[in-house]
Amino acid sequence: MARNENIQRTYIMLKPDAYKRKLMGEIIGRIEKKGFKITAMKMMTLNDKVLKEHYSHIADQPFFPEIEDFMTSAPVVGMIVEGSDVITGMRRLMGPTHWTEAQPGTIRGDYSCIIGENLIHGSDSIDGAEEEIERFFGKNA
Ligand code: UDP
Ligand code: MG
């Protein structure tokens with residue numbers, strides 16, 4: 001391990017489009033090849049309650065009902081991913097929210113052209129990551 005490493009963990013979730021489009025393996029492979037460590041993984045189907053908690057920051061947006069329908073339409077895969085600066089690192093690997101801004105080479109840039117169906121979620125802060133890990137993997141994760 002190099003010095004000056006800032007080891008963090010983050011919550012990553014492959015969205016229903018990853019499942020439907022059979023891109024789960026491709027996306028998981030990119031995370032592994034980058035060198036980040038997947039320390040927990042589970043497939044689940046979300047319900048409206050957990051989704052409202054997870055997406056409380058967009059729950060009052062006009063597009064939320066569509067997101068809700070989409071996110072409950074097929075299984076998701078939740079993961080805990082660890083590594084140096086992994087919160088920012090995973091967001092870089094994912095690319096920005098809007099596919100129009102996501103560069104080729106990023107997951108969203110390569111595979112998404114619908115804003116609501118952008119394949120992958122990643123926590124955006126240390127506190128957010130811990131909250132999301134607890135939400136989906138429990139207090140002792
Ligand atoms: N979203 C959308 N339209 C918007 C903003 C967000 O459909 O104008 C969806 C999009 O799928 C995004 C999710 O809501 O991934 C959560 O939004 P957030 O701002 O947290 O983006 P992220 O952290 O996923 O990049
Ligand atoms: Mg977000």
Side-chain angles (χ1 to χ4, degrees), residues 1-2 4-141:
M1 286 273 173
N4 302 325
E5 278 198 317
N6 179 31
I7 301 298
Q8 302 173 331
R9 54 187 202 157
T10 189
Y11 178 69
I12 296 299
M13 187 159 65
L14 308 186
K15 299 185 182 185
D17 45 344
Y19 175 88
K20 291 177 192 171
R21 295 175 59 197
K22 305 194 184 336
L23 286 170
M24 295 192 307
E26 167 65 27
I27 297 170
I28 291 166
R30 287 184 179 216
I31 298 169
E32 288 188 314
K33 280 178 235 166
K34 178 71 179 170
F36 292 138
K37 190 170 163 190
I38 299 168
T39 59
M41 183 183 312
K42 74 171 164 195
M43 187 178 274
M44 58 197 147
T45 301
L46 301 183
N47 59 43
D48 288 352
K49 181 175 175 287
V50 78
L51 199 62
K52 275 211 174 65
E53 286 169 22
H54 177 69
Y55 276 152
S56 59
H57 62 297
I58 55 164
D60 56 358
Q61 295 293 313
F63 58 79
F64 188 72
E66 249 178 86
I67 298 288
E68 205 164 34
D69 285 349
F70 166 65
M71 288 296 295
T72 56
S73 67
V76 299
V77 172
M79 283 179 256
I80 303 174
V81 180
E82 286 187 12
S84 185
D85 286 308
V86 72
I87 294 172
T88 306
M90 275 304 308
R91 301 270 321 181
R92 300 279 291 177
L93 215 57
M94 289 160 53
T97 312
H98 290 250
W99 64 272
T100 49
E101 288 164 17
Q103 295 282 349
T106 65
I107 293 163
R108 288 167 168 175
D110 282 349
Y111 299 122
S112 166
C113 60
I114 303 172
I115 180 172
E117 302 185 14
N118 56 8
L119 293 164
I120 183 166
H121 165 83
S123 311
D124 62 10
S125 66
I126 292 175
D127 290 349
E130 288 308 311
E131 189 181 310
E132 292 172 359
I133 286 169
E134 180 173 337
R135 174 172 302 124
F136 291 103
F137 284 94
K139 249 191 178 11
N140 298 321

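Since we're looking at a predicted model, the values are computed, not measured. The figures here come from the full heavy-atom set of this structure, side chains too, leaving out hydrogens, waters and symmetry mates. Atoms within a ligand are numbered from 1 in the order they appear, just like the ligands themselves. Along the sequence shown, residues carry numbers from 1.
- For atom 16 (C) of ligand 1, the closest heavy atom belonging to the protein is Y55 CE2, 3.5 Å.
- Distances between N or O atoms of E117 and those of ligand 1 include no value under 3.5 Å.
- Rounding to the nearest 0.5 angstrom, the gap separating the OG atom in S123 from the CD1 atom in I133 is 6.0 Å.
- Contacts between M71 and ligand 1 below 4.0 angstrom, taking non-hydrogen atoms only, are absent altogether.
- A salt bridge does not link R9 with E82: none of the charged nitrogens is closer than 4.0 Å to a carboxylate oxygen.
- With a 4.5 Å cut-off on side-chain heavy atoms, R30 and D110 count as touching.
- Near I67, with a cut-off below 4.0 Å to any heavy atom, the atoms of ligand 1 are 7 (O), 9 (C).
- Of all the atoms in ligand 1, the ones that sit under 4.0 Å from a non-hydrogen atom of I58 are 14 (O), 16 (C).
- Not one N or O of H121 is nearer than 3.5 Å to an N or O of ligand 1, by distance alone.
- Taking the side chain as every heavy atom from C-beta outward, F63 and I58 approach each other to under 4.5 Å.
- In this structure, the protein non-hydrogen atom closest to atom 2 (C) of ligand 1 is F63 CE1, 3.5 Å.
- Taking a cut-off of under 4.0 Å to the non-hydrogen atoms of I115, the atoms of ligand 1 that pass are 2 (C), 3 (N), 4 (C), 5 (C), 8 (O), 10 (C), 11 (O).
- Separating the NE2 atom in H121 from the CE atom in M90 is a distance of 10.0 Å, to the nearest 0.5 Å.
- Ring orientation note: the planes of Y55 and F64 are nearly perpendicular, at an angle over 60° on the 30°/60° scale.
- Remark: among candidates D124, L119, T97, N118, the nearest residue to atom 22 (P) of ligand 1 is T97, based on non-hydrogen atoms.
- Under 4.0 Å from ligand 1, the heavy atoms of R108 that appear belong solely to its side chain.
- Annotation: atom 18 (P) of ligand 1 to nearest protein heavy atom, H57 NE2, 3.7 Å.
- Residues Q61 and I67 have side chains not in contact (no heavy-atom distance under 4.5 Å, counting atoms from C-beta outward).
- A heavy-atom separation below 4.0 Å is found between K15 and ligand 1.
- Under a 4.0 Å criterion applied to the non-hydrogen atoms of G116, ligand 1 contributes the atoms 7 (O), 11 (O).
- Side chains of R91 and T97 form a contact here, defined as non-hydrogen atoms less than 4.5 Å apart.
- Salt-bridge formation is detected for the pair K52/E68: a Lys NZ or Arg NE/NH1/NH2 atom is positioned less than 4.0 Å from an Asp or Glu carboxylate oxygen.
- With a heavy-atom cut-off of 4.0 Å, R91 touches ligand 1 through its side chain alone.
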